[in-house]
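For reference, the structure is listed below as structure tokens.
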Amino acid sequence: MGTLYLTATHVIFVENGSETRKETWVLHSQISSIEKQATTATGCPLLIRCKNFQVIQLVIPQERDCHDVYISLIRLARPVKYEELYCFSFNPKLDKEEREQGWKLVDLNEEYNRMGIPNSYWQISDVNRDYGVCDSYPTEVYVPKSATAHIIVGSSKFRSRRRFPALSYYCKNNNASICRSSQPLSGFSARCLEDEQMLQAIRKANPGSDFIYVVDTRPKLNAMANRAAGKGYENEDNYSNIKFQFIGIENIHVMRNSLQKMLEVCELKSPSMSDFLWGLENSGWLKHIKAIMDAGIFIAKAVAEEGVSVLVHCSDGWDRTAQVCSVASLLLDPYYRTMKGFMVLIEKDWVSFGHKFNHRYGNLDGDPKEISPVIDQFIECVWQLMEQFPCAFEFNERFLIHIQHHIYSCQFGNFLCNSQKERRELKIQERTYSLWAHLWKNRADYMNPLYRSDHSQTQGTLRSRMAPCNFLYKFWSGMYNRFEKGLHPRQSVTDYLMAVKEETQQLEEELEVLGERLANLQKSQLNDNKDKSKQQERSKQLGLSTSNNSLANTPQEYSNDLKSFPSRSPSQGDEEDSALILTQDNLKSSDPDLSANSDQESGVEDLSCRSPSGGGCLPSEDSGKDSDEAIFLAV
Amino acid sequence: KVSASAASAWPSAPSRCPGSPPPSSGCPPPLAPQAMLRSSQPLTGPNRKRCREDEVLLGTVLDEGERGFIIDTRSAQAAKQARMTGGGTEPKSSYPQWRRLHRPLERGRQLQESFIKLVDACNDTTINMDRWLNRLESCRWLSHVKAALSTACLAAQCMDREEANVLVHGAEGTDTTLLVTALAQVILDPSCRTLAGFQGLLEREWIEAGHPFHLRCAHSAYSHARLKQEAPLFLLFLDCVWQLSRQFPFSLEFSERLLLTLFDNAYASAYGTFLCNNEKERCLCKVKENTHSLWAWLNQPGERQKYLNPLYSPNALVIWPSVEPQSIQLWQGLFFRWIRSSQYLDEAWAEIQWLVEGSEPPKDSAGNRLSRSLSDPTARPENAR
């Protein structure tokens, strides 16, 4: 029982509980679909499905009211203008300079410099400075030294959407590179000199190899069908020294349906093991994840082991191409496995190269056929890698989940519109805030305690296997069942280890300080012979107290008291989400709790666990499977 | 707490299957004086025989007005059919305070087939992603894990939440019965989650209780001779314990390595702990005189270290696992043990150990240096790091 509020940006449900004011906040941008269900004795249920996989059921007593709410929500969840989005009214109370600094945190020029560019093989080109060549590309693109403006322009005319081959990643160890583009407009027999020269230029930029791979990430059949429409793929006969390869990742429509089917499995009430496995197999979701990963592995191997450059494309070069290039980069370069590096990676391969965030994730009301979980799949690939290589990433699962959340939330301006051009026209950087700054500020919550920059897993290339590895791909319940607390391991190892790590560091710092003081005292004692006896006694006293400290506070013993460590109670995924997402929200009055229920108890029992209904109350909202006890005793 | 020795003071129950009187086995949680009992099926037979002693036995367990639950690990139909061969179930009229629940758990030939299929699937390098989950599903192994955990949770729930006594039995009381009672204790009782307590649990609930290890763990998954008595109940138990350790990473004192070692030793061992089928046979073969105990070896200070969970922190509460399909995972450490390298996961565990236990031994910590310089006042002061 409670009150429902609809604001310009949120849906808020406040429970009528007497003691705690429990609020559930949902951003309109997060609403994926609203379903009016059959009226029951208690009222008219409205089922809201969110893009972050939260599912909320509201039961409204009066049918008329329910209909009103339904219509309003439909309208609110489908904004027509960008200005309706939350990021334009979100106010984290930072001043103008802080906002600017936030946007400068990730700088792509710096990134290409880090790669070693410009150098004798690669240069920056301003041919697209006014978006005159390609309006979905950034103003600054990196091309081979031998690619003149003429070649670039000519090549762009031969590519779908004018997306000519440009640099995504350069490996300075062996000069191999990953370039990306869209499909050539080759049809059955068309040729373009400049496009062929472009590919040659890419090859020449790597003196260590006499050919390049051209990887078409589409299934062969789809690519061939495109030829009938005047597009297609590169003919090995026409392009000198290329080796062509199909990888076979399905298109956005297949992926949209796949996700849909998987979510249906997640919504099953008390499924059997068979229901679940069948449903998961039937959706094909993990198969697609593996396909993307395999493509990334192929490209990473080509670059790292063979030293051969790769040109990647799909149809338009903004979906599968982005996925595959970023997975490959992640495997190749440990920098992208750091927190900052990951932000840079997304800025580079997704934001700057014109991934259509608006169309794919429905910032504004648009064509439902454009919606597809493209970046979600990439984020899942990262998670799958984190599970295989637990020490290799500087960030943790929560980091990924929050990024996914904000891609849909439109609370920050990074993922708006379809291209850099559109974002600049809307003056996004002057009117909204950057997610990266926000995450960076809270980076302590996103660290992986097992990461050490000198660990073997963090050096060089990650060697993931392609086959036989089916079993390595797990269902990501942390993402797709995010809000069902009962399903996850009840105790968060990550949080506990982070707390231990912090304590250890603090104590070691203290020890150092004390050590220095002691050394100084001992030094002055040796220098002063007159007061030798007196000072010896004094240092002994000090020695006693410091030695007591050092023994009493060894990390081993102290860690036992960490259970009552106040700031880091474990596995509060969503309570932290809400604090993170809404602490700076000037609209809210108290700390909302996005979770359906909370089985967290404070104090010593923090690390132990009761079932969700330990407090004696079953969750009032949806997801009845939170309480497994009901299932045990269903006689 | 009713210990096993108290059970021997009870009158023998001729109406139960020979060799399995209903000893009390549970270590109930400290506050609730409930008992969990296990037995074999009552020999009611087609003529609905009654046995006064058995009824009295079960009657004394319950106080006035209390209820008990009988968890029968056979389906209602199978239990009924057992009457034809002399077995059966407890009729409600004779055991009025007991309520019977059926939770069929797979055992015997079906369970062995499931295990064989799973191992086949895991070793099959030709399956592609398209068919993997289907193949996994058709083995049904994970369904068995889910069912076992659910039933154990049910037993635990009856004791902890309903504050009732529980009697668990199947047919012989040597397979699924032990699976349920042992698992329920791990869920309920924190002392069973310690290394010593777990060993004690295995001794009590599997070895002394008469699980026929010799028959059940003869050939594992690769035998072409489909032996009738072969069945991986003990492995299923270990798998369920592994699921618990995954869901409650801080609550078990022992690590996966212990579970793998137990699995190995159940099938082939240099120690006598898992030999024979029951105590009687072990006496006859003079196992205690002629062999060494696995526990003795495991508990040596140097060995013991290897089986401890670095994240362990005693948890006095009951641990209720989630039995949703998403929460139950394939035990990769066992089923892919020889197929994929565990290098990266091992490295992760080494990191965890290092983090939790402080500085590595070879690296000299600031603390060590400080204590050394303090104990020798004439030593030259080292420069601070």
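Throughout, protein chains are lettered first and strands after them, A, B, ... in sequence-line order, and every chain is numbered starting at 1.
When heavy atoms are compared at a cutoff of 4.5 Å, A:S272 approaches chain B solely by way of its backbone atoms N, CA, C and O. Heavy atoms closer than 4.5 Å to chain A are found in the side chain of B:F336, but not in its backbone. Proximity to chain A involves both the backbone and the side chain of B:I352, based on heavy atoms less than 4.5 angstrom apart. With a 4.5 angstrom heavy-atom cutoff, B:E137 touches chain A via backbone and side-chain atoms both.
You'll find the side chain of B:S143 reaches within 4.5 Å of the side chain of A:S274, heavy atoms only. No side-chain heavy atom of B:E347 sits less than 4.5 Å from a side-chain heavy atom of A:P390. Proximity of A:P449 to B:L355: side-chain heavy atoms (C-beta onward) are separated by under 4.5 Å at one or more points. Annotation: side chain of A:C391 is not in contact with side chain of B:Y344 (no heavy-atom distance under 4.5 Å).
B:R131 meets the side chain to side chain donor-acceptor pair (under 3.5 Å) test with no other residue; sequence neighbours excluded.
For the atom pair B:L345 CG and A:E387 CD, the distance stands at 9.0 Å (nearest 0.5 Å). To the nearest 0.5 angstrom, B:Q326 atom CD is 5.0 Å from A:F475 atom CZ. Here the NZ atom belonging to A:K290 is positioned 12.5 Å from the CH2 atom belonging to B:W132, to the nearest 0.5 angstrom.
Highest contact tally toward chain B, considering only A:L450, A:D275, A:N282, is held by A:L450 [criterion: heavy-atom pairs under 4.5 Å].
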